[in-house]
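To start, the structure under review is shown below, and the notes come after it.
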Amino acid sequence: MPTDQGDLTTEQVLRRDIPWETYMTTKLISGTGLQLLRRYDKKPESYKAQLLDDDGPAYIRVFVSILRDISKEETLEYVLALFDEMLSTNPKRARLFHDKSLSEENTYEPFLRLLWKGSWFTQEKSCKILSLIVSGRSKSQGESISQKDVTTVDDVLKGLVEWLCAQLKKPSHSSHGIPTAINCLATLLKEPLVRSSFVQADGVKFLIPLIIPASSQQSIQLLYETCLCVWLLSFYEPAVECLATSRCLPRLIDVVKGTTKEKVVRVVILTLKNLINKGTFAAEMVDLEVPQLLQNLKAQAWSDESHILVIMLASFETYLAYIDYVLCCKDLLEAMNQLEEGLRVNIKRLSSYEKYYQEVILGRLDWAPMHKDPIFWKENITHFEEHDFKVLRILLTILDTSSDPRTLAVACYDLSQFIQYHPAGRIIVTDLKTKDRVMKLMNHQSTEVTKNALLCIQRLFLGAKYASFLQA
């Protein structure tokens with residue numbers, strides 16, 4: 001576990017005096033390296049900027065060699081602070097790391113190693129710098145390098161995902177670990193390999209608890225970047241499957257209801273728009289009353305932030321800045337209208353039975369009108385025979401596994417309805433060994449459960465001929 005050292009800043013670290021001459025004496029740095037360090041260290045920003053413009057790759061080479069060859073933590077932190085200052089002042093300098101003159105250097109390896117060592121400052125800056133470096137490479141710079149024992153871009157991305165998931169699971173720093181991980185993820189999830197590695201590492205589940213309404217500016221930014229991660233993942237099918245099973249949708253909708261921050265609302269609406277035609281999300285959105293929510297949102301006054309962002313972020317010096325711009329240029333009302341139309345189409349497409357089927361598949365039952373609607377059961381009873389009575393089997397699994405009284409009560413009731421409306425309902429339900437499962441619920445602490453369990457048993461014993469005389 002790294003030491004926090006209070007909360008070191010780059011400015012504090014750069015006040016240190018590092019004895020570069022001592023390292024040359026012990027041959028840890030070369031004479032040329034010492035000359036470059038003397039020329040660069042402690043100089044004004046404008047002077048350093050000129051040095052980097054003139055011979056940036058040479059400075060990258062000497063700084064990286066120090067990270068590789070020197071183990072003293074104070075010196076490592078100092079060099080990382082130099083890199084952080086360099087890239088924070090101008091993120092486009094990340095391109096210097098990809099200069100052809102450095103093609104033989106194992107530039108990534110020291111940062112990847114330092115992710116897991118030393119102080120929080122060392123870990124956090126290594127992560128930030130690595131993220132900027134890999135994001136700064138050009139499209140023509142491939143995903144791998146042929147030289148043996150050289151750390152590839154793929155190695156870096158996988159290593160970053162491993163460290164980021166570790167931070168989300170058990171942060172190295174109590175207050176900065178998770179925000180740092182989310183910030184870097186929001187930058188890196190544009191990478192296909194990061195998306196696949198993150199999903200394979202079961203990382204999606206670590207995002208879900210962070211999707212909660214926020215109040216402070218710091219927590220709003222964390223919420224925004226978390227939702228941004230979910231939006232980026234919503235373009236990747238395996239991640240969508242994880243989102244479907246994680247119950248993220250109610251949380252996203254609660255966020256929209258609980259925040260007035262436009263950029264948060266925008267990214268959630270765009271995420272919902274991506275998800276609407278996938279899996280059971282449309283049915284869930286209808287059940288969660290998203291159409292009504294959209295009506296309420298459209299009645300509010302939303303500003304157009306795009307003109308501000310054109311001025312602030314036109315240079316797109318970082319990927320997050322670019323994403324912020326793209327999202328804010330998307331008209332929020334237009335996105336709401338598109339989502340509303342998508343829901344309208346899906347509501348028409350979803351028949352009563354399809355909505356019922358989605359509810360059963362999700363394993364969360366409630367007293368929707370269809371459960372007690374005789375017309376629903378008469379018109380759809382043959383659907384229950386599909387796929388070897390799959391729906392009935394799921395209802396029985398719910399009886400075995402659910403701890404929710406309402407779900408158990410509705411499941412018992414639906415089984416009793418099947419007995420009543422299907423000509424062979426009593427025989428089929430008996431063959432599926434329903435009686436013992438329902439009998440166990442006769443002693444349930446919820447009266448709602450025991451009432452509907454009793455109804456199911458009565459209809460099971462009486463059969464369809466007399467079942468209609470029993471009322472719920």
Which residues pass the side chain to side chain donor-acceptor pair (under 3.5 Å) test with [X], not counting sequence neighbours?
X      : value
Thr226 : none
Glu241 : none
Thr259 : none
Lys158 : none

Which atom of [X] lies closest to which atom of [Y], heavy atoms considered:
X      : Y      : answer
Leu332 : Glu262 : CD2-CG, 3.9 Å
Arg39  : Leu51  : O-CD1, 3.5 Å
Asp155 : Leu112 : O-CD2, 3.9 Å
Gly118 : Glu73  : CA-OE2, 3.1 Å
Met285 : Pro291 : O-CD, 3.9 Å

No-hydrogen, no-angle side-chain donor-acceptor test under 3.5 Å, [X] and [Y]:
X      : Y      : result
Gln50  : Asp54  : yes
Asn296 : Lys257 : no
Glu354 : Gln358 : no
Tyr23  : Thr75  : yes
Thr180 : Asn183 : no
Gln167 : Ser172 : yes
Ser219 : Ser216 : yes

**OP:** If a pair satisfies ring pair (Phe, Tyr, Trp, His ring centres under 6.0 Å) and one of its residues is in residues 39-71, list it, with sequence neighbours excluded.
**Re:** Tyr40-Tyr59, Tyr40-Phe63, Phe63-Phe83
Subject >> Sequence neighbours excluded, every pair satisfying ring pair (Phe, Tyr, Trp, His ring centres under 6.0 Å) that has a member inside residues 175-218 >> reply: His173-His176
Value rounded to 0.5 Å, distance of [atom1] in [X] from [atom2] in [Y]:
X      : Y      : atom1 : atom2 : value
Met86  : Thr10  : CE    : OG1   : 12.0 Å
Ser402 : Leu365 : OG    : CG    : 7.5 Å
Thr122 : Leu115 : OG1   : CG    : 10.5 Å
Asn90  : Leu52  : CG    : CG    : 9.0 Å
Met24  : Thr32  : CE    : OG1   : 10.0 Å
Leu185 : Leu228 : CG    : CG    : 10.5 Å

**OP:** May I ask you to check whether over 12 heavy atoms, not counting those of Arg247, lie within 6.0 Å of atom CZ?
**Re:** no
Subject >> Lys72 atom NZ, neighbour heavy-atom count above 12 within 6.0 Å >> reply: no
Before accepting this row, confirm whether a basic side-chain N of the pair [X]/[Y] lies closer than 4.0 Å to the acidic partner's carboxylate O.
X      : Y      : answer
Glu105 : Arg68  : yes
Arg16  : Glu74  : no
Lys205 : Asp202 : yes
Glu77  : Lys125 : no
Asp41  : Lys48  : no
Arg113 : Glu109 : yes
Arg266 : Glu334 : no
Glu21  : Arg38  : yes
Asp404 : Arg364 : no

Would a distance-only check, ignoring hydrogens and angles, find a side-chain to backbone donor-acceptor pair under 3.5 Å from [X] to [Y]?
X      : Y      : result
Lys278 : Ser234 : yes
Asp99  : Ser101 : yes
Lys42  : Leu14  : yes
Arg195 : Leu189 : yes
Glu359 : Asp366 : yes

**OP:** Would you please test Asp254 and Ile211 for side-chain contact (heavy atoms from CB on, under 4.5 Å) and show each step?
**Re:** CA-CA 9 Å; Asp254 284 344; Ile211 306 173; over 6 Å; no
**OP:** Applying side-chain contact (heavy atoms from CB on, under 4.5 Å), run through Val13 and Phe121 and close with a yes or a no.
**Re:** CA-CA 10 Å; Val13 172; Phe121 183 90; 3.8 Å; yes
**OP:** Report the residue from Tyr357, Phe389, Tyr353 that forms a ring-ring contact (aromatic ring centres under 6.0 Å, His included) with Phe384.
**Re:** Tyr353
